[in-house]
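Below is one structure; the comments refer to it alone.
Keep in mind that the numbers below use all heavy atoms, side chains included, and drop hydrogens, waters and symmetry copies. Within every chain, numbering begins at 1; the chains are lettered A, B, ... in the order of the sequence lines, protein sequences first and strands thereafter.
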Number of protein chains: 2
Amino acid sequence: MARPGIESIRRQQLIDATLSVIETHGFQGATIGKIAAASELSVGIVSHYFGGKQGLLEATMRYLLSCLQQDASRLMASRPSNPRESLMAIVDANFSGVQTHAQSAKTWLAFWTQAMHSPELMRLQRVNERRLLSNLIFHLRQLMPPGPAQATAQTVAAMIDGFWLRAAMSEGRIEPDQAVALCKTYIDQAIQANNGASK
Amino acid sequence: MARPGIESIRRQQLIDATLSVIETHGFQGATIGKIAAASELSVGIVSHYFGGKQGLLEATMRYLLSCLQQDASRLMASRPSNPRESLMAIVDANFSGVQTHAQSAKTWLAFWTQAMHSPELMRLQRVNERRLLSNLIFHLRQLMPPGPAQATAQTVAAMIDGFWLRAAMSEGRIEPDQAVALCKTYIDQAIQANNGASK
DNA sequence: TTCAACAAATTGAACATTCATTCAATCCAC
DNA sequence: GTGGATTGAATGAATGTTCAATTTGTTGAA
């Protein structure tokens, strides 16, 4: 008979193995064989649970996105409702937890590349991007006029992506602290530059 | 006998075809067969002139880097020696010419991904990154103390990468003008925030 | 000028490898 | 014993590389 929860266990096993293999061998080198070996399962199991390689890759990206969203929710909940502090929490969330590890950074870059030619991955990517931008604008809007708020939000989003990219490229260690500090410095500069402009 | 210059013509033909195919089919879909078809040459010619697919890809990235450097040199030469204007020229260079087209943006992203597992491509990438950072710091150093100059340079570099990433992701058109404007706004904010701090 | 020899340039079919998928056989908990 | 869970060898498709054959342009002697 079916053991309870065996399906979710196997799915997570395969997703973890996929992340590990992509980090080690890159997106191109992530073959079913290597993923199966890393998960200590067989190659056939992938088709059984995910319908094929593409399904596994999409599930893996969904997992990464959900981790990001959880980090964000957790950090937003534990902060005061001060707009500036909320912005800082958003920055922290985008560099905390899974995102700061080289494994995730490389995998994100791989998925970004892949997403450009996969409608479903692209859709997931856009949803995530929209959410980040909306959150930033919502809080910035309480500190500056609409125009600068929009511009600042897009700049912060670009900075976050840029630092992720550098994190993925730098082979050894990443400096998430430095990236976070630079983002926060920019936000304060933007607030200062636009302070009292209209309000 | 050998016709003079035929080799450089063929090499450029293949590099152009590679860029075109990557833009259309993605990095994974860029097969020798498609590249050969796009260049209206045969598959064997690739090994003849580049030793293999990997050699062609490295040559293509070298070509993109040289285009970038040419754009930078051209824009730097036609500007006054004012430090602020020089910084603006660097920003312009990084969004001008080849870089602003969707073709190049997608290809850059593909190469970034590929570079993470190719020592030679990684080396090329690092050299380019170092040059950008050095240039930024050199000019910023004349407008603010060393610490902020370093921080601002890294932030600008991250912003540039981030906007490139968005350019690659955004399907239809890119707004290089907007990206340039946001980068310049940030630079002015940074100058203002650190003005007279030490100097 | 013409033509034949020559060599570089180019071709593309054949080959070898890699990889995702399939599915009949096996395993294992109940 | 039963049925879901799992296996992994077989299969076929895709792709990079090779290299013998062919084409193309040049040279120099007649």
- prompt: Which of these, A:V180, A:L75, A:D188, sits in a side chain to side chain contact (heavy atoms under 4.5 Å, CB included) with A:M88?
  reply: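 Going through A:V180, A:L75, A:D188 one by one, the side chain to side chain contact (heavy atoms under 4.5 Å, CB included) with A:M88 is satisfied by A:D188 alone.
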If you check every side-chain atom of [X], which of [options] has the closest atom?
X: A:S47; options: D:dG8, C:dT21, C:dG12; result: C:dT21
X: B:I6; options: C:dA9, C:dT11, C:dT21; result: C:dA9
X: B:V43; options: D:dT6, C:dA13, C:dT11; result: C:dA13
X: B:L41; options: D:dT6, C:dT11, C:dG12; result: C:dT11
X: B:K53; options: C:dA20, D:dA9, D:dT17; result: D:dT17

Measure the distance from [atom1] on [X] to [atom2] on [N] and round it to the nearest whole Å.
X: A:I45; N: C:dT21; atom1: CD1; atom2: P; result: 14 Å
X: B:Q54; N: D:dT15; atom1: CD; atom2: C1'; result: 15 Å
X: B:K34; N: D:dT15; atom1: NZ; atom2: C1'; result: 10 Å
X: B:I9; N: C:dT10; atom1: CD1; atom2: C1'; result: 15 Å
X: B:H48; N: D:dT22; atom1: NE2; atom2: P; result: 18 Å
X: B:I32; N: C:dT11; atom1: CD1; atom2: P; result: 14 Å
X: A:F50; N: C:dT22; atom1: CZ; atom2: P; result: 16 Å
X: A:E40; N: D:dG8; atom1: CD; atom2: C1'; result: 16 Å

query: Hey, does the side chain of A:Y49 come within less than 4.0 Å of D:dA5's phosphate (OP1/OP2), counting only N and O?
result: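 For D:dA5, OP1/OP2 do not have a side-chain N/O of A:Y49 under 4.0 Å.
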query: Phosphate oxygens OP1/OP2 of D:dA5: is one of them under 4.0 Å from a side-chain N or O of A:R10?
result: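 So the side-chain polar atoms of A:R10 never come under 4.0 Å of the phosphate oxygens OP1 or OP2 of D:dA5.
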Under 3.5 Å side-chain donor-acceptor pair for A:D16 and A:Q12: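 Yes, because at least one side-chain N or O of A:D16 sits under 3.5 Å from a partner of the opposite role on A:Q12.
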query: Does the side chain of B:Q54 pick up a donor-acceptor pair with the side chain of B:E120 at under 3.5 Å?
result: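 Short answer, no.
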- request: Spell out, as yes or no, whether a donor-acceptor pair under 3.5 Å connects the side chain of B:K34 to the backbone of B:G29.
  value: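 Judged by distance alone, yes, a pair lies under 3.5 Å.
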query: Counting distance only, does the side-chain N/O of B:S47 pair as donor-acceptor with the main-chain N or O of B:G44 below 3.5 Å?
result: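 No.
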message: Need one value for A:T31: base, sugar-phosphate or nothing, where a base atom within 4.0 Å counts as base even if backbone is also close, heavy atoms only.
response: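 Since only primed, P, OP1 and OP2 atoms lie under 4.0 Å of A:T31, the category is sugar-phosphate.
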